[in-house]
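Scroll down for the structure; my scribbles are underneath it.
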Amino acid sequence: MSDVILSARDVTKHFGGQRSLFRREPLVRAVDGVSLEIRRGETFAIVGESGCGKSTLARLLLRLIEPNAGQVMFDGTDVTAASPEALRRLRRDMQIVFQDPFSSLNPRMTVGELIEEPIRTHDLATGAAVQVEIDRMLRLVGLLPEHARRYPHEFSGGQRQRIGIARALASRPKLLLGDEPVSALDVSIRAQIINLLEDLKEELDLTVLLVSHDLGVVRHTADRVAVMYLGEIVELAAVETLFESPAHPYTRALMLAIPAQDPSMRRDTPLLDGDPPSPSNPPSGCRFHTRCPHAIVICREQKPALAAIGPDQSVACHRAAELSARDVLPAFDPSAVRQRRIALFAQASADKPA
């Protein structure tokens, strides 16, 4: 059995581009030639700014939307070439938990009916065994069997997300995709859902694909991380490596944007210049060069390839080795930040009129 459960090769998805009577719609390059491999039993995270294409990529991997080009393989089966019947069988092994627990559950169905649907669709139980399986799923996610008779609107946001997880697990999948599964929940509930997903991963021997913009959640749960920018992967690394020594300037900027809980540890975050370019008109060469403080001529002219720089780290940057050698991306020094704040305060006080 292969260690790789899911792989993608040059997956591409463009939206728009149709010509109407008076104009042509802009072509949005949401995902542009992405390749990756997800290992069996790991938690693989995709991170990046809003609009970078991470959710679109996740849906392409499950073929919830059709790619324009590329190939996705799941457990030896070509997902992109699967017939409708073959894809229906694959759905049992690949399930998704959506971001919004309010809109992802049919309000006209009871909780029991929501969980029963995948069980009957994939012929996993019949007769009285269906109710036994529904009760088991509810207990698995921390709910009670009597909740099966209620409707989604009778539950809180965290409980609805538990129902969504129970529905996804009802088909006994091998791969569970979480598309920002906690971003719509209260902060006090997020940790409960993340811990639940971790427990279920171990108990049910799942492979988890996590889409998130919350780097704190990613650091706590993931084994490997792919960083996306404007439809492309710019860095791919083990989670410890990524957080301890990020190689791409964009990854470093994301790390510095993490809020510090201790006021004395807050940082003078170097904000990136400008807004992200439009995916309908991406820059030539490296797509990050318009905001990168280290960009040179080659960055504007030539697209960097995603190349390995370590045992479990790859980066798409022409100057990755050079910048690392020069220590251009230094570790955060809280004492230096405090000294800088003191100096700025003293200067502001001196500049005040008497």
Side-chain angles (χ1 to χ4, degrees), residues 5-6 36-50 52 54-55 57-58 61 95-101 140-142 157-162 164-166 168-169 173 175-228 233-248 250-263 265-267 269 310-313 331-332 334:
I5 189 171
L6 186 144
L36 56 82
E37 291 184 342
I38 299 176
R39 300 166 187 166
R40 196 179 304 274
E42 75 172 347
T43 298
F44 186 94
I46 304 174
V47 303
E49 293 173 295
S50 296
C52 70
K54 55 186 184 294
S55 290
L57 173 61
L61 296 178
Q95 287 292 318
I96 183 171
V97 178
F98 292 96
Q99 176 178 354
D100 186 1
L140 200 62
V141 298
Q159 289 175 319
R160 291 191 196 192
Q161 198 61 294
R162 291 174 185 269
I165 294 171
L169 295 178
L175 175 71
L176 183 66
L177 190 159
D179 184 11
E180 305 260 16
V182 297
S183 63
L185 304 179
D186 293 338
V187 175
S188 59
I189 305 299
R190 293 181 183 180
Q192 298 178 21
I193 300 300
I194 289 297
N195 290 334
L196 172 65
L197 289 173
E198 284 198 296
D199 293 342
L200 292 172
K201 174 181 178 289
E202 298 299 325
E203 184 176 348
L204 303 177
D205 194 25
L206 293 170
T207 301
V208 176
L209 173 57
L210 178 66
V211 175
S212 180
H213 64 267
D214 190 332
L215 295 178
V217 169
V218 169
R219 186 168 195 174
H220 177 68
T221 60
D223 298 304
R224 289 192 302 139
V225 185
V227 181
M228 286 194 70
I233 292 180
V234 297
E235 186 163 0
L236 177 61
V239 67
E240 297 86 357
T241 303
L242 190 81
F243 279 86
E244 292 175 5
S245 55
H248 198 282
Y250 174 65
T251 308
R252 182 65 178 183
L254 291 180
M255 300 301 172
L256 292 176
I258 300 175
Q261 296 180 356
D262 185 349
M265 298 289 287
R266 288 177 182 167
R267 322 170 181 187
T269 305
D312 206 356
Q313 185 176 23
F332 168 63

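Residues take their numbers from the sequence shown, with the count starting at 1.
Separation of atoms CG (L206) and CD (E42) is listed at 13.0 Å; rounding is to 0.5 Å. Note that CD1 of I38 is 11.5 Å distant from CG of D223, once rounded to the nearest 0.5 Å. Taking CG of L176 as the start and CD1 of I96 as the end, the distance is 9.0 Å to the nearest 0.5 Å. In this structure, CG on L197 lies 4.5 Å from CD1 on I165, to the nearest 0.5 angstrom. From L200, atom CG reaches atom CG of D205 across 12.5 Å, with rounding to the nearest 0.5 Å.
A 4.5 Å side-chain heavy-atom check between T221 and L210 finds at least one atom pair inside the cut-off. At least one side-chain heavy atom of L57 sits less than 4.5 Å from a side-chain heavy atom of L36. Counting heavy atoms from C-beta outward, H220 and V239 have side chains that stay 4.5 Å or more apart. Contact of the R190 side chain with the V217 side chain is not registered, since no non-hydrogen atoms from C-beta on lie closer than 4.5 Å. By the 4.5 Å heavy-atom criterion applied to side chains, D214 and V182 are not counted as neighbours. Proximity of S183 to H213: side-chain heavy atoms (C-beta onward) are separated by under 4.5 Å at one or more points. Residues L140 and E203 have side chains in contact (heavy-atom distance under 4.5 Å, counting atoms from C-beta outward).
Annotation for V97 and A168: closest pair CG2-CB, 4.1 Å, computed over non-hydrogen atoms. Residues F44 and E37 come closest through the heavy atom pair CE1-O, 3.9 Å. Of all heavy-atom pairs between G158 and I189, the closest is CA-CG2, 3.7 Å. In terms of heavy-atom proximity, I233 sits nearest to A226 at CD1-CB, 4.0 Å. Nearest approach of A45 to A222, heavy atoms of both residues: CB-CB, 3.8 Å. Considering every non-hydrogen atom in both V211 and P181, the closest pair reads O-CD, 4.0 Å.
Looking at M255, H248, R224 one by one, the single match for side chain to side chain contact (heavy atoms under 4.5 Å, CB included) with L242 turns out to be M255. Of the residues listed (I46, T43, V47), the one engaging V218 in a side chain to side chain contact (heavy atoms under 4.5 Å, CB included) is V47, and it is the only one. Paired with L61 under the rule side chain to side chain contact (heavy atoms under 4.5 Å, CB included), one option of L177, L175, L6 passes, and it is L6.
One N or O on the side chain of Q313 and one on the backbone of S245 form a donor-acceptor pair closer than 3.5 Å. Under a 3.5 Å cut-off, the side chain of Q161 and the backbone N or O of D100 do not form any donor-acceptor pair. A donor-acceptor distance shorter than 3.5 angstrom exists from the side chain of K54 to the backbone of G48, with no hydrogens or angles considered.
No side-chain N or O of Y250 forms a donor-acceptor pair with one of E235 less than 3.5 Å apart.
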